[in-house]
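Input: a single structure, listed below in C-alpha cells.
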Amino acid sequence: MSRSRAFSSGLMVAALSLAMGGCAFKKATPMQVSGTGGDEGGGDGGPDVMEVGIDIQAPPMSDAGTLQSDSMINCIEANPQTMNLPPDILIVLDRSGSMNENLMGMTCTGAAGCGADSKWSIATTTLNAFLPTVETTVNWGMKLFGSSTSCTVTAGAEVAPTAMNAAAITAKLGTTSPGSSTPTTSAMMAAATYLNSLTDPNPKFILLATDGIPTCGTAACAAGVNLGGGSTSQCDDANAIAAVKAAKDMGISTFVLGIGTANSPGDATLSSMAVEGGFPRTASPSYYPIGSAQDLSDAFTAVTGMAGSCFFAVTPVPKDVTAIKGVTGDGNPITQDPVDGWTFVNMGAMSGVQLNGKSCDDYKNKVIVDVKVQLPCVEG
C-alpha cells in the first residue's frame, strides 16, 4: 500500500531539506527501488513507499523531536533492475590452411588428407554437437578468419549472435573449408568492433579458437616457427596480443582456445592473449589447450559456465560504470574485489557488474539467489 508523510511544520520541512543535503525531489521514471524508511505512523511496519515507487529514509530525530541534519544521508537510493542476461558470444574461428593438419600438427597424406582427424573436422564436429545443448542460455555467433585464402578479414560476422542459433552456425560451417592465412590481429579487431556496435544489453565475449601463430604481419617469428615456404618474418604476435587487450579495454573479454598447440612455438603467445583477454586458466598454459574432441567440448562447457552465470546487466542504464554504488547478494553487501567479490564490467554500450571467485560460485550454487546493483542518490 502506498503511503506518504505529511509535515505540519514549515520548520520541519526546511529541516528535512537541509538534512537531505539540499536535494529537490522530483518524480522519477519507473524503476525498481528500495529504501529503509521507518513507520512512525504505525501500520504494518514495512518500508514507506511514495506513489512514484521510491522509498526515502528519513533523517534521525533528535531528543527534542526535530529533524537533524546529516550530510552523509543519500537523497534517494535506487536499486535498478538487475538482470542475469544470456551472453552474446562470438566464436572467432581460425580457418587457416594448417587447420587441415591433425592435432599433432602433422600433414596427412592421400587424397582424403586427415579427414575426421583434422583440426578443422574435430572443431566443427564438436561445435555442431555442443551448440544445440546451450543455444537457449547463450546467444552464439560466428566469425571466420581469414575471410578468403589470404589475409583478408571482412567486417561484421558470418552469423550474428542470437538465441537458438545452432542450426545457422552448423549451416555456415558446412559450406566452409580451411585454406587461408592466420590474420588473428585483424580478426580480433573486426570482432571487437562488431560486438561493440550491437545495442542489446547482453554481456559480450569473444571465443577465439585458433591453431597457431598469428601471421599476416611483418615481425620476425619466434625461434622454430616456419610459416611455410621458409618464411620466418611474417608473424604478428605482438599486434595480436595488443588487439585482445584493446577488446578487453572496450569491455569485451576474450577466451582463448589453442587447437593442437600445446608446447608449440605459439604457446607463449596464446598464453599472453589469454591473460590480456581477462579469462586465463589457473593452470599452465593460460589458454585452453585442445588435444582432443573431449578437450574442446570441456572448454566450451567451461566458457559457457563462466560467461553465462556471473555477469549482470543493469536497467535503466547508469551513465557509466562509476555510477554504480554497490552490489548486494540476498540483501547482504558484496565486497568490491576482483578475487572473490564484484568488479565493474562495461558491456559494449551497456554497464554492469560481474561476480568473481567465491561470489560467483555462491551464485551458481544458489547460495546467493538475488543479486542487486545499487545506484547513488538521485538529485533534482
Side-chain angles (χ1 to χ4, degrees), residues 91-108 113-114 117-127 142-153 173 176-191 206-244 247 254-277 280-281 284-293 295-296 299-300:
I91 302 170
V92 179
L93 180 61
D94 184 350
R95 56 169 295 273
S96 62
S98 57
M99 289 289 283
N100 283 314
E101 300 170 350
N102 65 23
L103 288 170
M104 300 300 294
M106 303 297 294
T107 300
C108 302
C114 292
D117 293 328
S118 73
K119 300 172 189 175
W120 179 258
S121 180
I122 290 172
T124 56
T125 300
T126 303
L127 272 172
M142 171 73 72
K143 181 166 187 60
L144 301 167
F145 73 103
S147 300
S148 66
T149 57
S150 64
C151 294
T152 303
V153 176
L173 291 174
T176 305
S177 59
S180 72
S181 298
T182 315
T184 311
T185 301
S186 296
M188 286 299 305
M189 293 171 62
I206 293 171
L207 191 159
L208 173 64
T210 181
D211 79 325
I213 293 292
T215 64
C216 300
T218 58
C221 299
V225 175
N226 188 327
L227 302 180
S231 175
T232 59
S233 61
Q234 296 178 4
C235 289
D236 205 33
D237 303 58
N239 287 330
I241 295 168
V244 173
T254 299
F255 298 92
V256 180
L257 279 59
I259 303 175
T261 55
N263 301 314
S264 73
D267 195 70
T269 297
L270 293 179
S271 286
S272 294
M273 294 169 73
V275 171
E276 294 294 353
R281 296 194 317 144
S284 180
S286 298
Y287 65 92
Y288 290 86
I290 308 303
S292 67
D295 286 346
L296 188 56
F300 286 143

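The heavy-atom pair separating Val153 from Gly146 by the smallest distance is CG2-CA, 4.4 Å. Taking all atoms of both residues into account, the shortest heavy-atom contact from Ile259 to Ala209 is CD1-CB, 4.1 Å. Nearest heavy atoms, Thr152 versus Pro183: O-CG, 4.5 Å. Here the shortest heavy-atom pairing between Met188 and Val244 reads CE-CG2, 3.9 Å. Residues Ser181 and Ser96 approach most closely at O-CB, 3.3 Å, considering heavy atoms.
For the side chain to side chain contact (heavy atoms under 4.5 Å, CB included) with Asp237, the lone residue among Ser272, Cys221, Pro214 that qualifies is Pro214.
Partners of Asn239 by side-chain hydrogen bond (donor to acceptor under 3.5 Å, both in side chains), not counting sequence neighbours, listed by chain and number: Asp236.
Residue Met104 holds its CE atom at 12.0 Å from CG of Asp117, rounded to the nearest 0.5 Å. The CD1 atom of Ile91 sits 4.5 Å away from atom CE of Met142, with the distance rounded to the nearest 0.5 Å. Atoms CG and NZ, from Leu208 and Lys143 in turn, are 12.5 Å apart once rounded to the nearest 0.5 Å. Rounding to the nearest 0.5 Å places CD of Glu101 at 10.0 Å from OG of Ser118. Taking CG of Leu270 as the reference point, atom OG of Ser286 lies at 10.5 Å (rounded to 0.5 Å). From Cys216, atom SG reaches atom CZ of Phe145 across 9.5 Å, with rounding to the nearest 0.5 Å.
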Original post:
After noting the C-alpha distance and the side-chain angles of Trp120 and Leu93, does the key distance pass the side chain to side chain contact (heavy atoms under 4.5 Å, CB included) rule?
Top reply: CA-CA 10 Å; Trp120 179 258; Leu93 180 61; 3.7 Å; yes

Original post:
Which is it for Lys119 and Asn102 under the side chain to side chain contact (heavy atoms under 4.5 Å, CB included) test, yes or no, and what are the steps along the way?
Top reply: CA-CA 5 Å; Lys119 300 172 189 175; Asn102 65 23; 5.9 Å; no

**OP:** Determine, step by step, whether Met99 and Asp94 satisfy the side chain to side chain contact (heavy atoms under 4.5 Å, CB included) criterion, reporting the C-alpha distance in whole Å, the side-chain angles of both residues, the deciding distance to 0.1 Å, and the verdict.
**Re:** CA-CA 8 Å; Met99 289 289 283; Asp94 184 350; 4.2 Å; yes

**OP:** Evaluate the criterion side chain to side chain contact (heavy atoms under 4.5 Å, CB included) for residue pair Thr210 and Leu257; output intermediate values, then yes/no.
**Re:** CA-CA 6 Å; Thr210 181; Leu257 279 59; over 6 Å; no

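Looking only at distances, no side-chain donor or acceptor of Arg95 sits under 3.5 Å from a matching main-chain atom of Thr176. Thr185 places a side-chain N or O within 3.5 Å of a backbone atom of Ala240 that can act as its donor or acceptor partner. No side-chain donor-acceptor contact under 3.5 Å links Ser180 to the backbone of Thr149.
Between the side chains of Thr184 and Thr182, no donor-acceptor pair is found at a separation under 3.5 Å. Inspection of the Asp211 and Ser98 side chains reveals an N or O donor paired with an N or O acceptor under 3.5 Å. In this structure, a donor-acceptor pair under 3.5 Å is present between the side chains of Tyr287 and Asp267.
No side-chain heavy atom of Val92 sits under 4.5 Å from any side-chain heavy atom of Leu207.
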